[in-house]
Amino acid sequence: MSTVLTIDDSKVVRTMVARHLQPYGCTVVEAQNGLEGLEAARQHHPDLILLDVTMPVMDGRQCLAELRKDEVCRTIPVVMLTAESGRDLVVELAKLGVSGYIVKPFEAATFDKEVVKVLGAAREASAGPATPAATAASAPDPTAVLVVDDSERVLEAARAALTGSMKVLTALGGQAAIAEYRSARPAYVVVDLAMPDMDGFATLAALQPLGESNFVALALRGDTAAHERAKKAGFRAVVEKPFQGAELLERLRALGASSGDPVQAHVEEHAGCSVVRLPEPGTESKVAPLLVKKLRALAEDGTDKVIVDLAALADITGDQITTLARLLETAATLGIRTAICAADAGIVGRLQQVAETKSAPCAATRDEAASRLA
Amino acid sequence: MQMEITHDMLERAARQVVEITAGLAVRGATRHSRGDDASAELVGTLCFLGTFGGTLVVQCTWQRATAIAAAMLASSETPADDTIRDAMGEVVNQIGGVIKRAVAAGVNEMLLSPPVVASGSPLTHRVQSSATPICVDLDLDGGPLGIRLWPETRTFR
């Protein structure tokens, strides 16, 4: 059974959090300020800490800093749960190391997504040397994709595009997707947003708590409102319909779909440059050090130009920004020139607010980024 | 860059908090500029500090505050007085946070003070400010929730 420590000066918030955690069967420990939270963390060794920022006695910033200095508590995942979200604060907390950021007021689906991300990993870690069957049951299949649409024609087009590169499952509608997902646990799920009875958003909300998969939305071409909604709901990418088969495969590859090597899936070549994609949220601690190592290997092989490709991202997390900053810093010390490929205005705006990333040249496409480095 | 605080922004922030955190339906809203209007029984206040400054006040009757607290706790029991004040503080804090994100996004840092909640029957409160307040009354079942914002400056660069 997981233990979650909730640190907030509001008893009402702590009660709300405990209620949200009920379905997970956790033991919930409460603390009303950062100092009590530190003591509770040392005593209970929780699997997750939910931490507010503005508190008396010791605020969340100081509490997090102390946790990261503590030999026993430094590796406990911390998800911020706060009404505060200033960019300097977010960057500061990201540097100290947080596993997620929930801004109040929060929807239940947002809370669940952040908690499952951490508690799911905690459950796998605490299971010890897992049997292959146990591992298969808990981890998504990285070679499988589930395509969900109410049109058999679209499902057929997806099968044609992806078979040969991936194991393709299909479901005619959201309800059918739930059963298909439970049996196969694909790492990638492509969902049509506009389906009758159970639309893409309802399907996402139903599937997200079941496992840690990457969700891609299928939206009508030009429907920017749907794109925005999809990003906010938690879809990692949006593909417009009608889609080209190669485009769908490329978007899934960009999410690391087709390779078992956690690093190789993030590195490729384009126009004389090495292209690096950031680790998916939740995998930074595992993949980021490997990417740094890969940069060193690229430098030794004579690579002097790297494009960091963010084009597949619907949003960028604090942890991903931290990883990006680390990659840029490493590249600079190795004499590698870098450019960022990002088309999303929101992502570009966020990068401009971070000291470590705002000076890197940014382009909307890989070709433009490559020409900036030429 | 200029950013103006509007009734629309204030109403959106308040609705977001009431609908998401308390799960209450907002039937409507009235917008005005009468900051020192009727007295209330529970008043929550916080200040914005930084390039944009101001005072945010949320006020309502004790009965209204009780209902909001019970809704936040998803409980049919009447919460204790301290819990009701705690809930009001959280509502003020979250409305302040939403406004801060809207105002300060991508421009400048802005700090929120911790909320302060006062209760009494009845309370009369006044904010010392020459600014015209931005006021929204949310129409909820059982009575309105008043949100007032006195900006220190309406624009910033």
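Residue numbers begin at 1 in each chain, while the letters A, B, ... track the order of the sequences. If you're wondering where the values come from, they're calculated on a predicted model, not measured in any experiment.
Using a 4.5 Å cut-off between heavy atoms, B:A74 contacts chain A through both its backbone and its side chain. For a residue to count as touching a neighbouring chain, one of its non-hydrogen atoms must lie under 4.5 Å from one of that chain's; by this rule A:S10 touches chain B with backbone and side chain alike. If you measure heavy-atom distances from B:E90 to chain A, the contacts under 4.5 Å come from the side chain alone.
Under the 3.5 Å distance criterion, the side-chain polar atoms of A:R350 are matched with a main-chain donor or acceptor of A:I316. Not one N or O on the side chain of A:R372 forms a donor-acceptor pair closer than 3.5 Å with the backbone of A:A363. Using a distance-only test at 3.5 Å, with no hydrogens or angles considered, a donor-acceptor pair links the side chain of B:H7 to the main chain of B:H32. Between the side chain of A:D47 and the main chain of A:T3, a donor-acceptor pair closer than 3.5 Å is present.
Of the listed residues (B:V98, B:L73, B:T21, B:D86), the one with the most heavy-atom contacts under 4.5 Å to chain A is B:D86. Comparing A:T82, A:V12, A:T15 by heavy-atom pairs within less than 4.5 Å of chain B, the highest count is held by A:V12. Comparing B:I95, B:T83, B:L112 by heavy-atom pairs within less than 4.5 Å of chain A, the highest count is held by B:L112.
For the salt bridge (Lys or Arg N to Asp or Glu O under 4.0 Å) test with B:D137, the passing option among B:R31, B:R64, B:R148 is B:R148; the others fail.
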